[in-house]
Each structure stands twice: as structure tokens, then as C-alpha cells.
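Just so we're clear, the structure is a prediction, and the values are computed from it rather than from any experiment. Residue numbering restarts at 1 for every chain, and letters A, B, ... go by the order of the sequence lines.
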Number of protein chains: 2
Amino acid sequence: MQKLTLKKIAKELDVSISTVSKALKDSNEISAETREKIKAFASFYNYKPNNIALSLKNRKTMTIGVIIPQIVHYFFTTVISGIENVANKKGYNVIIGLSNDSFEKEVSNMKTLSNGSIDGFILSVANETQLLKNYEHLRETINQNTPVVMFDRVIPEINCDKVIVDDEEAAKKSVSKLLSLGCKKIAIITTKDYVSVGKLRTKGYLKALKENNVNVNSDLILKLEDTLDNDSNLKLLETKISKFLKSNFEIDGIFCVNEIYALTAIKAARKLNKKIPQDIKVIGFTDGVLSRFSTPSLTTISQHGRLIGEKSANLLINRLEGKVSKNSYQTIIIETELIERESTLIC
Amino acid sequence: MQKLTLKKIAKELDVSISTVSKALKDSNEISAETREKIKAFASFYNYKPNNIALSLKNRKTMTIGVIIPQIVHYFFTTVISGIENVANKKGYNVIIGLSNDSFEKEVSNMKTLSNGSIDGFILSVANETQLLKNYEHLRETINQNTPVVMFDRVIPEINCDKVIVDDEEAAKKSVSKLLSLGCKKIAIITTKDYVSVGKLRTKGYLKALKENNVNVNSDLILKLEDTLDNDSNLKLLETKISKFLKSNFEIDGIFCVNEIYALTAIKAARKLNKKIPQDIKVIGFTDGVLSRFSTPSLTTISQHGRLIGEKSANLLINRLEGKVSKNSYQTIIIETELIERESTLIC
DNA sequence: AAAATAACCGAAAACGTTTTCGTGTTAATA
DNA sequence: TATTAACACGAAAACGTTTTCGGTTATTTT
């Protein structure tokens, strides 16, 4: 059974293609009689207009391209579920491209999609892209009138809609919390500065200390390569963190920029016979499954990924539908929330 | 800057559309001179053929539709990453639809995609679909010549390519392991029988006991609604499991059909002052982040999600490219692996 | 009965490609 | 010189829609 087309219906019922098209759209140009006949036939054989032909005609595809660094990652999946939720309601499809944090793959993914396959992009840039500071592909797609919405890891220099969290503020909030709980030597385990969000969170850490008149001790700052939270590098990650904790034995509070760092820190600390939260209090970032199910459960910053996804999709779709002025872009800042759990319990 | 088309290039260089098309394809029908001129112009203005037009012409879209019940879910994301990996290599795009385990959404998602947007489906059916046993949408798409590959949660009655794991065998393997570790009273925490994989794992549990001449005690079998592992129902889940453990205090081994059940069981057992693994040994299913990072780390069945995704994508693409005989379907069984960690340590 | 107006339907163009076939020009051959 | 072959290019159809514009009939109005 091949797909039914207008042409086939027309031939079968001995009318013109136009007549079929109009009849199915209930145009009153067509007599009630033929209209009913055609509609009956079409519905009996389950006719559905071909999306590709429609896309070509209307010059829009009703699909949005989402480019993310990784998909096996709690935060990004919550964002996708948010995007999918509003996209679906508004009749859009979602096509996913993974960059694997590689510049090459990000570029090629965007290239293959920006030739008519999608109406606009929602993306979080690859670490490598941030490292290389090469944004030509982004500029180019925007210049070619394909709207782009960036979320989470955004590029300030690029002019487009953005949805971010108050990373710096969230970090400040976390560190202030640790201070208020009586921690004196607060460490941060973060990424190297080229990772935009890592840098911002480090900044927030420093700000909190300064505002509370605590001296910054650079020994207490551990900046890690972003590849270290891969499954294959977990051992190495633990060694590094372990060494760090050993050489700064007086640490009594740790702020980590993701869940993996936090849990690994807890594990390493325990091996040094430190008790969590009695001896060391720990706060992480990203309220994923790990934070909820670890023992002790992890105090963490919730980024509200689903909301980020929903806002991003709305931003993009509004722009696609011309509901927003052409040359002004928005940056939506989602407020984070500190979710307190066992890892910062007062004992 | 509007998108460049063959027509515009043709007009600009004062040649015909056909000439431009041929020149860009390096056809030797076109003189070297004009060829170079056209190619230079096209590459200077960054011409890319319009995918939609190509899809319409070639009657294939080079995209595959993936329908899954949830995306905030470790196993499914690993499958997607596998699919994306091979799809990408072979020039295909991946479009994602989420059913949220709802029959309605599964049907509507497939409907909107099967009108030309995709060349084939890879899907894992929604729980509700399995409950209702309504497979009309699946039969219909297959009848309309849109190939379907099912993975993990498959429908035996439907004739199509499938990729599954040896669920029953894996469960048997796990329970046998517990027996060999000396467990006498082994419980299973599973889903209701309408969830295909839950049912199979329960079957494997029973088989292991029988083969080892252990009496089956139906009190030790806890079948839960599949909605209980949602974030919002975690409390309820814990209460149910806790009650179950209390009323079967002699349990010394638990096999759980997913990570969440396993970790919740561990938590509940601890509150009853049971030590893991000394008093109770626990084995879970799905080797996700939770299993690796929990304390104690969880012995678990690895389903090799990435491999499942890769095999599924290969199966689908081979069929799309006619590399496989039309009326015979394959079922690939991926072997699972028992990954031993702390929750089954011998003390 | 002639003219005007509905009512109903079809031809054709357009979206952007690819490809087949035809045609005119030039160069090589008989 | 006449014929043929090679070369370089263009017209047009096709993929499946939608929509504008005309064109027949049939029906109403004068």
C-alpha cells in the first residue's frame, strides 16, 4: 500500500487535484456533494497531506533543531523534555543533534540541519567551541535568518535570545549558606575557566567570600578539565580530588559545580575518615537523580531545566511566528533554588 | 540575506538552472570554464541545497523518528546516543518524540511524523499501550510501508525488526547469583505484569528459584504500578517497599527490576536497621549513574543501551536502504552483563 | 429572451531540486 | 565539402501541495 496523494484521489474520483485539495479544506467553492464524496474517500483510505510537500510550499518545516553537548546527562534531558512539551503543543517537531562537546560535530550538525530541515535552533554550545572561541557557524546561521536561542552555556558576544540561570548568584548563595553554617575553610571544585558556567560559578564563590570578609585562599580552588566527569575518567577524577583534600586537610565545606564532582568529593572525603556533613558540608549543582538518591542526599542548586526548555522553546517559536520585534533579543534569567538535604545538615 | 537557490545562481550568472545543478555536481556535460565559475560563485555565497526539496524529489527524508516513553531516564538516553551515533555516520537525522508512557501521545506523535517527515521509526512502546493492548497505530504504519524497529519494550504480536535484551535470562542470572551468595529468602520488586519487561524479569526470577529447588513464596513478590518511580511518587514508593520489607523481615536478598526500586529498597532496609550487603544483598537492573554512585554501589544488570541503539539504527537503515529481504524480520538479542559491586559483597 | 450572477470546477504556477531528452554549435572525419 | 561526432547547454517533467485566476454551466434577474 503506497502513500495516498491528492493526485491519486483525483484520478480515482475523476476530478482535478485542485478540487480534491479544496474539498478536503471544506472550501465552499466545491459542491456539498463532491465535497462529501472526496472527504469520505480520503478518510476511508486514511489520507494525510505530505509534510515535506507542505514544508516546501510554505517554506517552513515546523521543526526545531536542538543541539546539545550530551544526552546522557540529567540536566540536558530535563531541558529537552521542556522543549518537547511546548513544541508539541504548538505543532512543532524536535530534531536532536549531539555535539559530544566537540566543535567539529557542533558545526557539522548545524550545517546539515540548516539547509531547510529546521526553522530555528535551540542550543547549548560545546565546551570545545567555548575553548576555541570560534563562533562563525553561529553568526552565519543567524545571518542567514535562522533564529537561534542559546541556553545555559551561552556566548555573550553573540546577539540572540538566551535563557540562562543566575550561575554566579547561585554559587554565591551556596557558599554563603556554607558560611552561615559555620564553615571556615570552604573549597570549590570547578571546571577550567573556558567553560562559561564554570567560570561564573567560580566568580560567585569568590564574591561570597569577599562579601563576608573571608580571605580567598587559592589553594582551596580546584579547577578540573571538563572531560573528567566521563565514565572512563572517574578513577582519575577521584585521585585528583583525593589529593586535593589531603593537601588541604582543614577543609570543612565544599561547593562543587556539578553532581559528579560533589559525590566524588564525598567519597574521597570519607576515605580520609571525614564524616559528611559533620566534618565537611557539601553543596552541588544540578538537582539530578544522584543528588536525591545519594547517601547522604546532596544539598544542591536546582536549575529548573524543564522551565529552561519551555522558555527557550517559547522564545524561539514566538520569533518564528513573528510575534517579536526583529532586531531586539531577550535574555531570560531563570532563578535557581538551593535545595537543602542531608549533606549540609546541622549536627 | 535570504537563502541562496539554484534559480538565483542561474539568474545571477545568466545560465539555466540545469546548468547550475550539473556544474555543482561536477558533471562533464558542462565546460570546465562555466563549471568553475558556478562553483566559485556557489561556494563564495555558501550555497547549500535545500533538504526539503531533495526530500520531496527523492521521496526520502534521511531522518529517522525515535519514539520513547521518557527522556529523563538513563537507559533511554544511552539508547538515543547509540542511535544518533550511527545515524549521524550514515547521514541520517534523528527526530525525537516523547510518549510520556501515554497511549494517546504515542499515537499522535507517530501520526504527525508518518506523513513524510521520517523514513522509519525506532520505538519503545508506552506502558499504557501495553496495558491497553491497542496496536493499531503500529500495524498501520508498518502496512503503509514505514519500517519500524522496536527495542526493549516490544510487542511480540507485531511483525517487525526488534532489539531486546535477554530480560528473563538476566533476571535468572541475578537471582542465581544471590542464591550462590547464600541468600535463602530472596524477594523481587517488580512492576505489574502488563509491563512486558517487568513480566519477563519476574519470570526469570521464578525460573531461577525453581531450577535451584527453592520454593516460591508469593509473599516475597512485590508488583508495583509503573508510575511509582516518578519523582512525585517517591514517598509512596518508599512506604510500599518499607511495608513489604517489614512484613517479610527474614528477606536476605532482593532483586529489583530498576535502579530506583533498588535504591529505595536499600534506603528502606536501612531504616529497619538492616545492613547492606551484610544482612541483605541487592541487585538492580539498568547500569545507570545511580548504581555507580550510590553507597553501597549497586550490583546491577547492564543492558548496554548504547549497543541497543546502534543495532536498532543499523537494522532500520539497512531496511531503508533495501539491504535486507522485504518480508523477513530479525530480532536481535543483546546479552546482558551482571556487574558486581558493593551491594552483593561477601562479608 | 437576454443579461447578469452564482455555483462549481480545472489549469497552472510556485516552492527547490534532479535528470532525461533535445538542440544548436563546433570540430573531426570521410 | 558534406557528414558525423563530440560538446555544451537548456527545456521540461517530476516529487505533493496550495492558491489564484479563469472558464463553464446553471440559475436568477430584468
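- Scanning for salt bridge (charged side-chain N to carboxylate O under 4.0 Å, His left out) contacts around A/E29 gives A/K22, with sequence neighbours left out.
- Under the side-chain hydrogen bond (donor to acceptor under 3.5 Å, both in side chains) criterion, A/N314 pairs with A/K90, not counting sequence neighbours.
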**Request:** Evaluate the salt bridge (charged side-chain N to carboxylate O under 4.0 Å, His left out) criterion for residues B/E12 and B/K8: first the C-alpha distance (whole Å), next the side-chain angles of each, then the deciding distance (0.1 Å), finally the verdict.
**Result:** CA-CA 6 Å; B/E12 206 62 39; B/K8 287 178 191 161; over 6 Å; no
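- Near-neighbour residues of DNA chain C inside residues 6-15 of chain A, defined by a heavy atom below 4.0 Å, number-ordered: A/V15.
- Between A/K111 and A/E140 there is no salt bridge, since no side-chain N of the basic residue sits under 4.0 Å from a carboxylate O of the acidic one.
- Taking the salt bridge (charged side-chain N to carboxylate O under 4.0 Å, His left out) definition, one finds that A/D14 meets it with nothing, sequence neighbours left out.
- Side-chain contact of B/S99 with B/S102: a donor-acceptor pair under 3.5 Å is absent, judged by distance alone.
- First and last contacting nucleotides of DNA chain C toward chain B (any atom under 4.0 angstrom from a heavy atom, 5' to 3' order): C/dC15 to C/dC21.
- For the ring-ring contact (aromatic ring centres under 6.0 Å, His included) test, residues two or more places apart in sequence or in another chain that qualify with A/F41 are A/Y45.
- Applying the ring-ring contact (aromatic ring centres under 6.0 Å, His included) criterion to A/Y92, with sequence neighbours excluded, gives no partner residue.
- Rotation axes derived from the C1' atoms of the five outermost pairs at either end of the helix from C/dA1-D/dT30 to C/dA30-D/dT1 lie 70° apart, to the nearest 10°.
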**Complete:** Contact string for nucleotides 23-28 of chain D, one letter per nucleotide 5' to 3', B = base within protein heavy-atom range under 4.0 Å, S = sugar-phosphate only, - = neither, reads ------
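- Using a 4.0 Å cut-off between a side-chain N of Lys or Arg and a carboxylate O of Asp or Glu, B/R319 and B/D119 do not qualify as a salt bridge.
- Contact check of residues 29-43 of chain B against DNA chain C (heavy atom, cut-off under 4.0 Å) returns B/E29.
- Near DNA chain D, meaning a heavy atom under 4.0 Å away, the residues from residues 17-27 of chain A are A/I17, A/S18, A/S21, A/K22, A/K25.
- Nucleotides of DNA chain D nearest to B/S16 and B/N58 differ in position, and the one nearer the 5' end is that of B/S16.
- The side-chain hydrogen bond (donor to acceptor under 3.5 Å, both in side chains) check on B/K133 picks up nothing, with sequence neighbours excluded.
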